[in-house]
Amino acid sequence: MAGSTKFQSIKGTFDILPYPVRAEGSNLATSAQWQHVEAKIREVMRRFHVGEIRTPVLEPTPLIARGLGALTDIVSKEMFAFERGDTHYVLRPEVTAPVMRSYLQHNLAQQGGVQRLYYMGPCFRAERPQKGRYRQFHQFGTEYIGSSDARADAELIALMMAIYDAFGVSDMTLKLNSLGDAESRPRYKEALQAYFAPYRNDLTATSQERLGSNPLRLLDTKVEHERKLLDDAPLLIDYIDDASREHHETVCGLLDDLGVRYELDPFLVRGLDYYTRTAFELLGGKLGAQNALAGGGRYDLLAQEVGSKQPVPAVGFAAGFERLFITLQAKGYALPDATTPDVFLVALGDDAQRRVFALAQQLRAAGVAVAFDLKGRSMKAQMREANRQNAPFTAIIGQDELAAGEAQVKRMETGEQEAVAFSALAAYVR
RNA sequence: GAGACUGUAGCUCAGUCGGUUAGAGCGCCAGGUUGUGGCCCUGGAGGCCGUGGGUUCAAAUCCCAUCAGUCUCCCCA
């Protein structure tokens, strides 16, 4: 059959290319820019002595379903899941549950202390794509597993903020709340239901539905008259247990000590079931409807949901790479478009091509980034190519240079040119 | 899952009361400079006008469907 079909990347996914190509398909950033951003994040992780964990993209579906909660949007309608034989697979929609799985599988508790782990990589959710939201998107995040101490919460938040600081991003809002323990929320749900009951008929259809199933969702309604009702609604913070309240106050105090600015938001709830106590969100502008740069919280209940006999206290955050890029671009943060070679070798004639080919290998062995033409093009074309690649130097080699054993090295910015022995090239261009 | 808008060269877009071989700028390639990039000039390649169907003597242009993109609801990173 003739190969007549032109394929394109799956809806909501995109390619990351080595240099900027303006195209449909949300080509947010080049691979050089991804590497730059990743390196900066890794550097902050290093300073906090957080170790990298890499888990499979494929996980058992029940891990995700039980970990996040069957009623969450992610599990109920956004998973890319399939089965082979009698195994159910899912492309991970987030990484916290997989990290917890790994922690339990390898008994990392036996390593002693608190596990500080970070990850970066793709996640998958079958949502309708829009600005800052893709079906394959990329997250980085950190999990502190094994401590219920408020300092774990505070340090984790400080780490998250340090990453954005490293990029000079400051016009963001950190929102903080406490969700209380396992008993607090049912208690609060009842209070909320009782409060809204008299206004039932004023609520939108979806809100009425949520009043029954998940009343916490009412807290982030965007309907104007519903927001008004919230002014007098009971506050979650008033319904949480004493230990959680104390924990919350300690976290706030520690953040104050560090000079981390935050806003207490009594209406902040998070979409995943596993959160307890601390919950936070980092909001930035310029992101359209998807204004959450990062989010996280404490999840002391997750471990037991996914099979641990012991409770394992933990706290973590997850952040979106794509949204970070949108933010950086909006701020005009200078990211390197593409990598450039140290030198571009220009060959004139067959003999020179032969020599240049070998010379490139020698220079590369010496650590020099070398580019040259592979199509036998004219000198003009080779020079143009060198210019396009932003090579700081071109080394021109023709018959005369072969005879003399030296290249004509041109400094592209100034146009200056001088003869440099082949053996001295590596040192010259670096 | 629901809604709105969009879809013509690699990119940004013109072209539609339906009418002969579909255009521009940028980019790409080549030449002007038989061994020198960026500026300039000249030329060239590259489109079955997202795809499929329908209406018509005739469709890039009108209709339907579908796919994709953008944005919103929803939800989250």
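In what follows, chains are A, B, ... by sequence order, proteins preceding strands, each numbered from 1.
- A distance of about 15 Å separates the P atoms of B:G15 and B:G23, rounded to the whole Å.
- The residue A:A386 sits apart from the nucleic acid: no heavy atom pair falls under 4.0 Å.
- Within 3.5 Å, a donor on the side chain of A:N387 pairs with an acceptor on the base of B:G37, or the reverse.
- Among the heavy atoms of the strands, none lies under 4.0 Å from A:E281.
- The partner of B:G25, taking Watson-Crick or G-U wobble pairs whose two distances both stay under 3.5 Å, is B:C11.
- A cation-pi arrangement is found for A:R116 relative to A:Y144, the charged atom lying closer than 6.0 Å to the ring centre and inside a 45° cone about the ring normal.
- If you measure from atom CD of A:Q8 to atom P of B:A68, you get 8 Å, rounded to the nearest angstrom.
- Taking the C1' atoms as reference points, B:U6 lies 13 Å from B:C13, given to the whole Å.
- The partner of B:A45 cannot be assigned: no Watson-Crick or G-U wobble pair with both contacts below 3.5 Å exists in any strand.
- Going from atom NZ of A:K380 over to atom P of B:C40 covers 12 Å, rounded to whole Å.
- Side-chain nitrogen and oxygen atoms of A:R128 include none within less than 4.0 Å of the OP1 or OP2 phosphate oxygen of B:G69.
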Review point. Hey, mind stepping through A:R92 and A:T55 against side chain to side chain donor-acceptor pair (under 3.5 Å) and telling me if it holds?
Key: CA-CA 10 Å; A:R92 64 182 185 196; A:T55 62; 3.3 Å; yes
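- A:R133 has no side-chain polar atom (N or O) that falls below the 4.0 Å cut-off from OP1 or OP2 of B:U72.
- B:C63 and B:A22 are spaced 23 Å apart, taking the C1' atom of each and rounding to whole Å.
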Practice item. Starting from the C-alpha separation in whole Å, work towards a yes-or-no answer on salt bridge (charged side-chain N to carboxylate O under 4.0 Å, His left out) for A:E127 and A:R135. Key: CA-CA 6 Å; A:E127 292 183 286; A:R135 289 189 161 188; over 6 Å; no
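- Pairing partner, B:C40: B:G32, with both Watson-Crick or wobble hydrogen-bond distances short of 3.5 Å.
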Point to revise | Check against salt bridge (charged side-chain N to carboxylate O under 4.0 Å, His left out), A:E38 and A:K40 | key: CA-CA 5 Å; A:E38 287 162 1; A:K40 270 210 128 85; over 6 Å; no
Review point. Are A:S244 and A:D181 close enough, and set up right, to give a side chain to side chain donor-acceptor pair (under 3.5 Å), and what steps lead you there?
Key: CA-CA 7 Å; A:S244 289; A:D181 65 10; 4.9 Å; no
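- In this structure, A:A391 reaches neither bases nor backbone, as no heavy-atom distance under 4.0 Å exists between it and the strands shown.
- Residue contacts shown for A:E401 include a base, since a base heavy atom lies under 4.0 Å away.
- When Watson-Crick and G-U wobble pairs are counted only if both distances are under 3.5 Å, B:G1 pairs with B:C73.
- Atom CZ of A:R135 is separated from atom P of B:C74 by 19 Å (rounded to the nearest Å).
- Considering only side-chain atoms of A:K131, the nucleotide from B:U36, B:C71, B:C74 that sits closest is B:C71.
- Nucleotide B:U6 has B:A68 as its partner under the Watson-Crick or G-U criteria, with both atom distances under 3.5 Å.
- Mapping A:I10 and A:Q139 onto RNA chain B via the closest heavy atom, the residue that lands nearer the 5' end is A:I10.
- Ring pair A:F393/A:F344: centre-to-centre distance not below 6.0 Å.
- The residue among A:R411 and A:R377 whose nearest nucleotide of RNA chain B is located toward the 5' end is A:R377.
- Straight-line distance from the CG atom of A:L268 to the P atom of B:A77: 11 Å, rounded to whole Å.
- Comparing the C1' positions of B:U16 and B:A2 gives a spacing of 31 Å, expressed to the nearest Å.
- Rounded to whole Å, the separation between the P atoms of B:A65 and B:U21 comes to 31 Å.
- Closest to the side chain of A:D400, out of B:G35, B:C75, B:G3, is B:G35.
- For the P atom pair drawn from B:U8 and B:C49, the interatomic distance equals 11 Å after rounding to whole Å.
- Partner assigned to B:G19 is B:C57, using Watson-Crick or G-U wobble distances below 3.5 angstrom.
- Proximity of A:Q130 to the phosphate of B:U72: a side-chain N or O atom is located under 4.0 Å from OP1 or OP2.
- At a cut-off of 3.5 angstrom, the base of B:U36 holds no donor-acceptor pair with the side chain of A:Q382.
- At the heavy-atom level, A:G12 lies under 4.0 Å from the strands shown only through sugar-phosphate atoms.
- Side chain of A:A318, nearest nucleotide from B:G37, B:A77, B:G31: B:A77.
- Within the 4.0 angstrom heavy-atom criterion, base atoms lie near A:G415.
- The aromatic ring of A:F137 is stacked on the base of B:A77, with the two ring centres less than 5.5 Å apart and the planes inclined by under 30°.
- A:Y118 and A:R42 share a donor-acceptor pair across their side chains, judged by distance under 3.5 Å alone.
- B:G31 and B:A45: their C1' atoms are spaced 14 Å apart (whole Å).
- Note on A:K410: a base of the nucleic acid sits closer than 4.0 angstrom, heavy atoms only.
- Relative to the side chain of A:D73, the nucleotides B:A77, B:G69, B:C74 differ in distance, and B:C74 lies closest.
- For the P atoms, the distance linking B:G27 with B:C41 amounts to 11 Å, nearest Å.
- The interatomic distance linking A:L293 (CG) with B:C75 (C1') rounds to 17 Å, in whole Å.
- Using modelled atom types, one finds no donor on one side chain facing an acceptor on the other under 3.5 Å when comparing A:E322 with A:Y134.
- Note: NZ (A:K375) to P (B:C28) measures 12 Å, nearest angstrom.
- Checked by distance alone, A:E127 brings a side-chain donor or acceptor within 3.5 Å of a matching partner on the base of B:A77.
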